[in-house]
S.K.: 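What follows is a structure written as structure tokens; I'll ask about it next.
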Amino acid sequence: QVQLVESGGGLVQAGGSLRLSCAASGRTFSSYAMGWFRQAPGKEREFVATISWNGGRTYYADPVKDRFTISRDNDKNTVYLQINSLKPEYTDVYYCAEGRNNDTMSNEYDYWGQGTRVTDSS
């Protein structure tokens, strides 16, 4: 059974940085693309970033592409999302997801984590 467990969320001041992690288990991590999505209360889940199985291709949503960096370590079965220069509008629950394709659409991902909350403490 595939499990994705996010961590690293918390209170961060505007302008600060943090790194989210997502540890995967249950199938061959290095065979699958990974994505990060976020969801604000009362809103739909939206795409943030995705990375191909070997890390060779990444893609970002326009609002975050200069501030967020997605990366992965296949030896550790972990994908990361580095968030820099935090803005208040980044306050959301962040979810990682695993799927076959490097895609921006949430329905292309097979498995999801439980989410980790990022909150602007300013």
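Quick note: residue numbers are just sequence positions, from 1.
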S.K.: Nearest 0.5 angstrom please: Arg72 CZ to Asn54 CG, how far?
M.R.: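 The CZ atom of Arg72 sits 8.0 Å away from the CG atom of Asn54.
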S.K.: So Phe29 and Glu98, do their side chains get closer than 4.5 Å, heavy atoms only?
M.R.: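 A side-chain contact under 4.5 Å exists here.
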S.K.: Could you tell me the separation between the CZ atom of Arg45 and the CG atom of Asn107, rounded to the nearest 0.5 Å?
M.R.: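 Here the interatomic distance stands at 12.0 Å.
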S.K.: Nearest 0.5 Å, please: how far is CG in Asp73 from OG in Ser30?
M.R.: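 If we round to the nearest 0.5 Å, Ser30:OG and Asp73:CG are 11.0 Å apart.
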S.K.: Given the rule that I, L, V, M, F, W and Y join up when any side-chain heavy atoms are under 4.5 Å apart, are Ile70 and Leu86 in one cluster?
M.R.: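 Same cluster.
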S.K.: When you compare the side chain of Val79 with that of Leu81, does any pair of heavy atoms fall below 4.5 Å?
M.R.: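 Of all side-chain heavy-atom pairs linking Val79 with Leu81, none is under 4.5 Å.
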S.K.: Under a 4.5 Å cut-off applied to non-hydrogen side-chain atoms, are Asn102 and Tyr59 in contact?
M.R.: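 Contact flag for Asn102/Tyr59 side chains = no.
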S.K.: Identify the two heavy atoms, one from Met34 and one from Cys22, that lie closest to each other, and give their separation to 0.1 Å.
M.R.: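 For Met34 and Cys22, the tightest heavy-atom pair comes out as CE-SG, 4.3 Å.
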S.K.: Take a 6.0 Å sphere around CD of Glu89 and say whether it holds more than 12 heavy atoms from other residues, nucleotides or ligands.
M.R.: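 Counting neighbours around CD of Glu89, more than 12 heavy atoms of other residues, nucleotides or ligands fall under 6.0 Å, so yes.
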S.K.: Side-chain contact test, heavy atoms from C-beta onward, threshold under 4.5 Å: evaluate it for Ile83 versus Tyr94 and give yes or no.
M.R.: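 In contact.
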S.K.: What I'd like to find out is whether the side chain of Asp120 reaches to under 4.5 Å of the side chain of Tyr90, using heavy atoms alone.
M.R.: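 With C-beta onward as the side chain, the pair stays apart.
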S.K.: For Phe37 and Met105, which heavy atoms make the closest approach, and how far apart are they?
M.R.: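 Result for this residue pair: CZ-C, 4.1 Å.
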S.K.: Answer yes if Val48 and Leu4 sit in the same cluster of Ile, Leu, Val, Met, Phe, Trp and Tyr residues linked by side chain heavy atoms under 4.5 Å apart, and no otherwise.
M.R.: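 Result: yes, single cluster for both.
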S.K.: Give, for atom CZ of Arg19 and atom OG of Ser71, the distance between the pair rounded to the nearest 0.5 Å.
M.R.: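 Between atom CZ of Arg19 and atom OG of Ser71 there are 6.5 Å.
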S.K.: How close do Gly8 and Leu18 get, counting heavy atoms only, and between which atoms?
M.R.: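 Smallest heavy-atom distance, with atoms named: O-CD1, 3.2 Å.
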S.K.: Check Thr78 against Ser21 and note the closest heavy-atom contact, atom names and distance.
M.R.: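 Residues Thr78 and Ser21, closest heavy atoms: CG2-CB, 4.2 Å.
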S.K.: Would you kindly confirm whether Trp112 and Trp53 end up in one hydrophobic cluster when ILVMFWY residues are joined by side chain heavy atoms under 4.5 Å apart?
M.R.: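 They do not share one cluster, since no chain of ILVMFWY contacts under 4.5 Å joins Trp112 to Trp53.
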S.K.: What about Val93 and Tyr80, same hydrophobic cluster or not, with Ile/Leu/Val/Met/Phe/Trp/Tyr joined at side-chain heavy-atom distances under 4.5 Å?
M.R.: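 Different clusters: Val93 never reaches Tyr80 through Ile, Leu, Val, Met, Phe, Trp or Tyr contacts under 4.5 Å.
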S.K.: Could you state the interatomic distance from CD1 (Ile51) to CH2 (Trp36), rounded to the nearest 0.5 Å?
M.R.: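 Answer rounded to 0.5 Å: 11.5 Å.
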S.K.: Can you hop from Val12 to Val64 via hydrophobic side chains spaced under 4.5 Å?
M.R.: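 Linked within one cluster.
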S.K.: Would you compute the distance between atom OG1 of Thr50 and atom CG of Asn101 and round it to the nearest 0.5 angstrom?
M.R.: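 The OG1 atom of Thr50 sits 9.0 Å away from the CG atom of Asn101.
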S.K.: Is it true that Arg38 and Glu46 have a side-chain N and a carboxylate O under 4.0 angstrom from each other?
M.R.: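 A salt bridge is present here (some side-chain N lies under 4.0 Å from a carboxylate O).
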S.K.: Identify the two heavy atoms, one from Ser121 and one from Leu11, that lie closest to each other, and give their separation to 0.1 Å.
M.R.: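 That closest heavy-atom pairing would be CB-CB, 4.0 Å.
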S.K.: Would the distance check show the side chain of Arg27 and the main-chain N or O of Val2 forming a donor-acceptor pair, the cut-off being under 3.5 Å?
M.R.: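 Not at all, since once roles are kept as given, no pair shorter than 3.5 Å links the two residues.
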S.K.: Do any N or O atoms from the side chain of Glu6 and from the backbone of Gln114 form a donor-acceptor pair under 3.5 angstrom?
M.R.: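 Present.
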S.K.: Has Tyr109 got a side-chain atom pairing as donor or acceptor with Asp103's backbone, closer than 3.5 angstrom?
M.R.: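 Flag set: sc Tyr109 to bb Asp103 pair under 3.5 Å.
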S.K.: If you take all heavy atoms of Tyr60 and Ala49, which pair is closest and at what distance?
M.R.: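 Residues Tyr60 and Ala49, closest heavy atoms: CD2-CB, 3.6 Å.
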